[in-house]
Amino acid sequence: MSDALERFFDMTELIDHLTLFLDTKDVSRLIRTSKTMYARCVPSLFKTLSVASLNRLLSSLSALQVLARNSQHVRRLAFTSSQLSYYYNCVLAFQDICSHVSDTPSTRPPWFPPLDVHTNQLVALPPMTRLSHFCVDVDDPFMIPIDGPPLVPISKDRTKLAHLYWMFSLSPHLASLSLEKVAIADIESCRRLGEAIAGLHALKKLDLTVFCRDNIKRTLLYQLFFSCSSSVRLLNFKMRDDIFGVEEDETEDTVAVVRRQEPLIHLEELGILGIYDWNSAVDIRSIFAYCPNVKKLSLEVSPGYQENDNIEQFIGRQCPRIELLNYSLPWSSTPDPLPFRIMESLPAQQVTEFVYYGALSKDISFRTDVAFHSHSTTLQKVCIDGKGTIPKAMASAIFSGCFNLETLHIARESSDPYIALADALEYPWACTKLQHLSLAISGCELPVEPGVEPYYLRPTPITLTEVETQHFSRLEDLYQRIGTLTGLRELYLAMAILGEDGELDEETMRYDRHSFPAMLNLQDAQTGRPGLLQLLSGLRNLEELRGSVSADSDETLVTVGRTEAIWMDQNWPDLQYADFFNYMYGVTEPFQWLEDKRKSEGRVVLQTSTHLDDGDVSGFRWEEY
């Protein structure tokens with residue numbers, strides 16, 4: 001190499017910076033150019049070890065020996081529980097050799113599991129002590145065996161936890177910790193996990209999914225929350241139901257928590273999911289009193305408090321910087337006012353994202369429009385999901401007031417919740433900056449009149465009844481509003497079909513093919529057939545079209561032809577996917593023509609996907625040819 005290259009590759013910092021711009025294959029090619037490059041660049045291959053890369057390393061004795069020489073370079077590590085168990089035993093073997101050579105006793109705590117003599121052939125590995133990011137899926141036993149029979153998955157949860165605590169003790173400088181499916185069976189496990197977290201003084205991110213009994217969830221939350229270092233910036237606690245098959249005690253388990261006194265002034269993101277047994281407002285206050293700078297808040301809590309506790313005002317006062325609010329209570333049958341009142345209590349025009357997943361009702365007993373009016377200029381994303389009808393006041397506040405919205409999801413890949421057509425059209429839409437729109441609307445299907453055939457089956461020229469004329473006038477208004485959303489890239493538009501009881505007719509919606517009346521066809525003045533497709537000509541940036549847009553419904557099989565396919569090709573040039581066809585019946589002739597045309601031009605072509613369930617609707621995807 002030239003003198004300049006020699007000087008460059010003599011500096012470890014410059015090599016580290018260079019490898020940031022190279023993928024693993026590029027680095028592998030580089031190290032094969034010379035022994036010098038091998039020695040200097042191999043460490044960069046070990047900075048990030050995923051589950052897949054570890055499987056490759058742990059399946060080869062020679063690869064393990066290379067790992068042993070480079071373990072000090074690992075910064076980001078992802079394990080399964082079986083991989084962690086094997087690594088644990090490899091390090092114990094290394095420490096035992098070191099103790100024997102130096103004639104010093106082991107310093108491991110007595111409650112740590114001993115070396116497993118039944119483990120496959122071991123290679124003594126020095127510990128990875130410079131980790132900055134650590135992720136482990138405790139419930140995943142997958143591992144490739146090493147020159148022998150597969151490892152027996154660890155069945156004892158205490159053993160898994162002991163391996164985790166030991167890993168934490170080796171890496172006191174961890175900045176990011178993600179634990180999936182950790183099983184906490186008792187208070188002693190709560191205490192030890194809290195102590196292990198408390199030793200991570202540089203921790204900035206903790207993402208934890210725990211399986212535990214209901215009667216220790218709050219105790220575990222407090223133990224972890226008040227054990228975290230004050231440097232933490234992100235905390236996500238997901239508490240899931242017990243998987244131990246252990247009979248619950250009637251009394252709540254408790255443990256003395258050594259509380260951190262100072263607030264988490266750096267905490268910007270807080271998630272508390274799965275806590276359904278808040279006893280009082282005091283429980284909630286004890287957490288939020290320590291989170292003055294939270295910007296993103298995710299909650300999944302049951303209302304174990306009284307409305308006169310003013311919890312929403314306390315949260316708004318203690319956490320006045322919340323910009324993203326995500327609230328979920330999927331199992332409740334009663335709408336919860338808490339998230340809407342939290343929005344009201346926050347400083348005006350601040351919240352940019354609001355997500356609500358829970359029960360809804362057209363006759364909701366509390367006001368929801370005030371929450372959206374309070375942040376109408378800043379809201380960019382709103383997602384409403386759950387069961388029921390969107391209240392009229394909420395729909396009006398969103399459509400007419402939130403003029404900076406870029407994403408609006410009301411029903412995603414389903415038709416619940418939904419908005420009544422009259423409510424959607426009551427006020428002009430101000431949210432013209434939308435790029436992603438998911439919407440389910442009731443009352444859009446063709447009106448059924450006794451003795452009157454559907455308009456598309458009548459002889460020409462077609463004459464609409466007065467009821468049909470009024471209905472198409474409302475649909476024209478709807479399509480025209482959608483057509484003004486010129487920045488729209490993804491559109492999910494579903495017809496919410498109600499039964500005689502006023503509830504969603506899920507069976508009809510699942511198994512029948514539907515399309516919004518006259519939305520996919522052009523007007524035919526000669527036959528008098530109504531068509532409103534031309535109203536969507538402004539959607540030139542549209543990439544995905546989903547929902548009730550079947551091109552093989554009873555109506556569209558008659559009304560949609562090559563003229564419409566040509567129009568779509570010209571006016572929706574970026575369209576890549578649409579829910580036009582059921583996989584069982586294939587593509588109709590007009591779209592087959594379009595596929596052939598685009599293929600001949602070297603453009604995107606039409607592909608039909610398949611599903612296993614007969615009721616599933618597939619679309620087509622245009623991909624680069």
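Just so you know, residue 1 is the first one in the sequence shown, and it goes up from there.
- Taking the six-membered ring wherever Trp is involved, the centroid distance between the rings of F46 and H73 does not fall below 6.0 Å.
- Atom-to-atom distance recorded for E262:CD and Y290:OH is 9.5 Å, nearest 0.5 angstrom.
- No more than 12 heavy atoms of other residues, nucleotides or ligands sit less than 6.0 Å from atom NZ of K205.
- Interatomic distance, CZ of R233 versus CG of L270, reported as 15.0 Å (0.5 Å rounding).
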ask   = Are V232 and E269 close enough, and set up right, to give a side chain to side chain contact (heavy atoms under 4.5 Å, CB included), and what steps lead you there?
value = CA-CA 10 Å; V232 73; E269 184 173 339; over 6 Å; no
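- Of the N and O atoms on the side chains of S85 and S82, not one donor lies less than 3.5 Å from an acceptor on the other residue.
- Looking only at distances, a side-chain donor or acceptor of S132 sits under 3.5 Å from a matching main-chain atom of R75.
- Separation of atoms CG (L57) and CD (Q83) is listed at 9.5 Å; rounding is to 0.5 Å.
- Ion pairing between E195 and R192 fails under the 4.0 Å rule for side-chain N and carboxylate O.
- Between Y87 and F79, the distance separating the two ring centers is shorter than 6.0 angstrom.
- Note that the CG atom of D137 and the NZ atom of K181 stand 3.5 Å from one another [nearest 0.5 Å].
- E300 has a carboxylate O that lies under 4.0 Å from a charged side-chain N of R240, or vice versa, which qualifies the two as a salt bridge.
- Salt bridge status for R321 with E323: absent, with no side-chain N to carboxylate O gap under 4.0 Å.
- Using a cut-off of 4.0 Å between Lys/Arg side-chain N and Asp/Glu carboxylate O, D186 and R213 are scored as not salt-bridged.
- Between Y165 and F168, the angle of the ring planes lies from 30° to 60°, which puts this pair in the tilted group.
- At distances below 3.5 Å, not a single donor-acceptor pair connects side-chain atoms of S176 with backbone N or O atoms of H133.
- When only modelled atom types and interatomic distance are considered, D336 and Y327 share a side-chain donor-acceptor pair under 3.5 Å.
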ask   = Going through the distances and angles, do S438 and H409 end up as a side-chain hydrogen bond (donor to acceptor under 3.5 Å, both in side chains)?
value = CA-CA 4 Å; S438 298; H409 291 307; 2.8 Å; yes
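- With values rounded to the nearest 0.5 angstrom, L193 atom CG is found 8.0 Å from S227 atom OG.
- Remark: T129 OG1 to L170 CG distance equals 7.5 Å, nearest 0.5 Å.
- In this structure, C212 and L220 approach most closely via the heavy-atom pair SG-CD2, 4.3 Å.
- When the shell of 6.0 Å around NZ of K238 is examined, it contains more than 12 heavy atoms from other residues, nucleotides or ligands.
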